[in-house]
Protein chains: 2
Amino acid sequence: MATIKDVAKLSGISRSTVSRVINNHPYVNDEKRSRVKQAMKELGYFPNSSAQRLRGSKTRTIAVLISRIVNPFFSGLVDAMDEVATESGYQLILCNTRGSRERELKYLDLLKTKQVDGVILASVENNWEDIKPYLGYGPIVSCNEYTAQTDIPSFKINHYEATFQAIIHFIKNGRKKIAFCCGDEPIGSDLGVDREKGFFQALSEHDLLFQDEWYFKNVSSVEDGRGVLKRIEKMDDRPDAIFTGSDEVAMGIIAQSQLSSIIVPQDLSVIGFDDQQMSGVLKPGLTTIKQPIKQMGRETMTYMLQILNKQKELAGTEKVLQYKFIKRDT
Amino acid sequence: MATIKDVAKLSGISRSTVSRVINNHPYVNDEKRSRVKQAMKELGYFPNSSAQRLRGSKTRTIAVLISRIVNPFFSGLVDAMDEVATESGYQLILCNTRGSRERELKYLDLLKTKQVDGVILASVENNWEDIKPYLGYGPIVSCNEYTAQTDIPSFKINHYEATFQAIIHFIKNGRKKIAFCCGDEPIGSDLGVDREKGFFQALSEHDLLFQDEWYFKNVSSVEDGRGVLKRIEKMDDRPDAIFTGSDEVAMGIIAQSQLSSIIVPQDLSVIGFDDQQMSGVLKPGLTTIKQPIKQMGRETMTYMLQILNKQKELAGTEKVLQYKFIKRDT
DNA sequence: GTGAAAGCGCTAACAG
DNA sequence: CTGTTAGCGCTTTCAC
């Protein structure tokens with residue numbers, strides 16, 4: 001493969017000038033510039049990016065950590081981030097942690113090995129103490145997930161408030177026996193904690209009773225949702241409403257209810273989370289909490305790029321975006 | 001940041017030996033090995049990957065070109081590819097072309113600049129003649145899309161046959177006025193061409209008539225699907241069945257039909273493509289063609305890695321995977 | 001087993 | 001404006 005040396009030789013011009021042409025430096029004689037370009041074309045020359053990175057120590061690459069790209073929430077986030085990254089000539093390395101602590105740390109190593117300029121954390125598996133040391137190697141910005149312990153920028157909605165509002169909605173509609181679902185145990189993030197707080201706060205403000213069996217852990221897929229409904233079916237004291245924490249789980253519950261005696265929403269009212277595309281298409285329409293995914297992704301990436309360009313600091317900026325409660329049939 | 005030199009100095013051992021330790025070479029004295037490791041830990045040393053790549057000219061990174069990550073078909077594909085890539089210590093660069101020809105070529109440049117070891121083409125915007133030259137810089141494998149002109153490995157289903165079968169299904173159910181939808185104009189791929197061929201072949205074998213206005217171009221989103229139904233509503237001679245080419249479009253049609261006088265499937269039978277998660281959850285259940293997304297993604301990536309390890313050749317292997325016709329309510 | 005030395009391809013002082 | 005030169009951090013002969 002042709003190198004800068006070959007171009008220099010063929011055009012009879014020094015390597016430094018060739019380099020200047022590559023990098024669009026201003027002070028180059030027009031005639032030489034075109035001779036160089038000619039030679040580059042003839043040789044099919046392209047600059048080796050590893051060499052450029054080694055010299056310049058910039059990669060124009062960002063690692064985006066998510067738990068799973070098939071989750072529409074994450075693919076939407078990544079899509080939004082990708083939009084702004086590409087606009088500025090940056091690339092994304094897709095880091096599907098699949099919920100693994102080690103894999104997450106391995107991806108964070110990209111910062112140490114200088115394969116990326118920065119890391120965006122859109123899911124978190126490890127404790128903050130384990131992640132913190134990586135800050136010494138480059139900027140980390142968090143999106144969606146967050147902890148109070150953190151001193152890095154974060155972009156998110158208020159999950160406490162959103163959940164609280166959802167439960168109040170149930171209560172206003174006369175529901176008294178409200179169930180709660182959550183995904184994985186919250187390790188390094190307060191997101192799950194805040195949802196739970198909002199839930200119980202609403203309950204206690206209205207003196208509602210809660211049964212332990214109405215608390216569903218580790219549910220996050222459509223299949224999990226189906227399982228939840230099956231368990232409800234077997235209960236003596238069934239809930240009359242359920243906060244699912246995810247549209248997938250909600251859809252699973254609804255789908256399974258159609259195979260059971262439980263009718264949604266008459267017997268069981270359901271609230272999802274995210275407002276995924278299909279939530280409005282489904283019949284009955286899913287009531288849900290819409291996160292500003294696109295905005296969240298774009299703002300996070302924009303901020304990251306500003307940090308890399310020294311326009312912003314890696315300080316504890318915290319941006320709370322507005323969610324939207326979407327009332328449909330369930 | 002610490003370099004190999006620092007480690008060498010601190011441990012009092014030469015750079016070459018340090019390098020050997022990094023790369024787990026066998027011939028290193030145990031005592032020195034641990035002294036080196038100790039020094040690395042003390043300094044927080046990590047090898048600079050740009051330097052390693054420059055020396056070794058391998059990046060262990062694959063570019064995956066897709067049109068849009070939010071499309072569940074593509075995110076499923078990427079997820080499957082990512083699984084096998086990670087298993088072998090490879091990374092993925094996400095290349096969302098968003099349907100842009102230039103962006104596609106820009107991503108192909110990653111091969112020229114040696115930022116990736118190979119490229120997987122899961123969507124195609126350019127003509128094959130424009131892509132072919134890139135083969136000189138590294139392996140390209142295609143997945144889902146394909147052309148007869150191509151001499152690269154490809155993994156796909158038989159779209160001609162799948163479409164043909166779908167239309168025959170309509171016909172067997174007594175439908176006589178069948179509409180057709182397609183996405184973007186097929187430029188560098190025969191996928192769309194084959195679907196169209198299958199469609200018209202089935203029609204002509206059963207002497208069915210076709211109206212030009214039943215041919216819908218450039219429809220690919222839920223919103224597009226809604227638009228299709230609105231147009232059908234206004235027709236004097238309405239189709240009684242529609243092949244949508246995508247579950248999204250199908251869902252849009254169904255959702256919109258619920259706001260109209262047209263009843264699915266009585267008045268209009270619908271067949272999707274892909275069998276996305278929600279297709280079975282929806283009511284009415286969507287009849288669709290299920291592609292083996294996971295298998296397709298895994299096999300493609302596996303083959304790519306084998307090429308990179310010289311276990312396979314970059315020849316015109318063509319693997320046709322099995323799709324599945326899923327009959328539901330529509 | 002181990003170290004010295006060359007060089008991967010590029011950029012950026014520096015001197016002219 | 002342009003060329004010379006010195007590395008960026010690493011791996012890999014080659015000789016000991």
Side-chain angles (χ1 to χ4, degrees), chain A residues 1-40 43-61 109-117 137-138, chain B residues 1-40 43-61 109-117 137-138:
Chain A
M1 228 78 294
T3 74
I4 204 172
K5 214 169 161 181
D6 302 317
V7 177
K9 203 182 298 172
L10 180 61
S11 61
I13 293 170
S14 79
R15 278 151 54 186
S16 20
T17 301
V18 174
S19 169
R20 287 186 190 104
V21 172
I22 294 170
N23 295 286
N24 281 314
H25 272 277
Y27 303 131
V28 180
N29 181 330
D30 277 351
E31 187 256 327
K32 296 206 174 180
R33 185 186 298 275
S34 63
R35 263 208 286 156
V36 168
K37 287 200 169 163
Q38 174 58 28
M40 296 201 300
L43 293 165
Y45 169 78
F46 269 76
N48 177 314
S49 73
S50 298
Q52 289 184 311
R53 289 175 178 197
L54 179 56
R55 254 330 290 250
S57 74
K58 280 287 152 276
T59 64
R60 297 191 83 76
T61 307
D109 281 344
L110 293 174
L111 222 42
K112 295 190 173 177
T113 60
K114 302 233 182 319
Q115 269 192 79
V116 299
D117 296 341
Y137 298 87
Chain B
M1 229 77 295
T3 75
I4 204 173
K5 216 170 160 181
D6 303 317
V7 178
K9 204 182 298 172
L10 181 62
S11 61
I13 292 170
S14 79
R15 280 152 50 186
S16 12
T17 302
V18 174
S19 169
R20 288 188 188 103
V21 173
I22 294 170
N23 296 287
N24 281 314
H25 273 274
Y27 302 130
V28 179
N29 180 332
D30 277 352
E31 187 254 328
K32 298 208 173 180
R33 185 186 296 275
S34 63
R35 263 208 287 157
V36 167
K37 288 201 168 163
Q38 173 59 28
M40 296 200 300
L43 292 165
Y45 169 79
F46 269 76
N48 177 313
S49 73
S50 299
Q52 289 183 311
R53 289 175 179 195
L54 180 56
R55 255 327 293 251
S57 76
K58 282 285 154 278
T59 66
R60 296 190 84 76
T61 307
D109 281 344
L110 293 174
L111 221 41
K112 296 190 173 178
T113 60
K114 302 230 183 320
Q115 268 192 80
V116 299
D117 296 340
Y137 299 86

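In the text below, chain A, chain B and the rest are named by the order of the sequence lines, each starting its count at 1.
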Each nucleotide N or O in nucleotides 13-16 of chain C that has a protein N or O under 3.5 Å away: list the pair and distance.
none

Is there a side-chain polar atom (N or O) of [X] under 4.0 Å from OP1 or OP2 of [N]?
X: B:T17; N: C:dG3; result: yes
X: B:K32; N: C:dT2; result: yes
X: B:N23; N: D:dT11; result: yes
X: B:Q52; N: D:dG9; result: no

Check the distance between [N]'s [atom2] and [X]'s [atom1] and give it to me in whole angstrom.
X: B:Q115; N: C:dG9; atom1: CD; atom2: P; answer: 16 Å
X: A:D6; N: C:dC8; atom1: CG; atom2: C1'; answer: 13 Å
X: A:K9; N: D:dT4; atom1: NZ; atom2: P; answer: 14 Å
X: A:R55; N: D:dC8; atom1: CZ; atom2: P; answer: 8 Å
X: A:I4; N: C:dG7; atom1: CD1; atom2: C1'; answer: 16 Å
X: A:N48; N: D:dC10; atom1: CG; atom2: P; answer: 17 Å
X: B:K58; N: D:dT11; atom1: NZ; atom2: C1'; answer: 15 Å
X: B:I13; N: C:dG3; atom1: CD1; atom2: P; answer: 7 Å

Looking across every strand, which nucleic acid part, if any, lies under 4.0 Å from A:T3 by heavy atom: base, sugar-phosphate, or nothing?
-> sugar-phosphate
In Å, rounded to the nearest 0.5 Å, how long is the span from OG of B:S14 to NZ of B:K32?
-> 7.5 Å
Distance col, row A:K112:NZ vs B:Y45:OH, nearest 0.5 angstrom, shows 12.5 Å
Would you name the heavy atoms of [X] and [Y] that are closest together and state the gap between them?
X: A:K114; Y: A:T59; answer: O-CG2, 3.3 Å
X: B:V18; Y: B:V7; answer: CG1-CG1, 3.8 Å
X: A:R33; Y: A:V28; answer: NH2-CB, 3.6 Å

Could you pick out which residue, B:R15 or A:S14, lies toward the 5' side of DNA chain D when each is mapped onto its nearest nucleotide?
-> A:S14
With no hydrogens and no angle check, is any side-chain donor or acceptor of A:T113 less than 3.5 Å from a backbone partner on B:S49?
-> no
Specify the residues of residues 24-31 of chain B, ordered by number, for which at least one heavy atom lies under 4.0 angstrom from an atom of DNA chain C.
-> B:Y27, B:V28, B:N29
Can you name the one residue among A:L110, A:D117, A:V116 that meets side-chain contact (heavy atoms from CB on, under 4.5 Å) with A:T61?
-> A:V116
Do A:Q52 and B:Q115 come within less than 4.5 Å of each other through their side chains, counting heavy atoms only?
-> no
Do A:V21 and A:I13 have side-chain heavy atoms sitting under 4.5 Å apart?
-> no
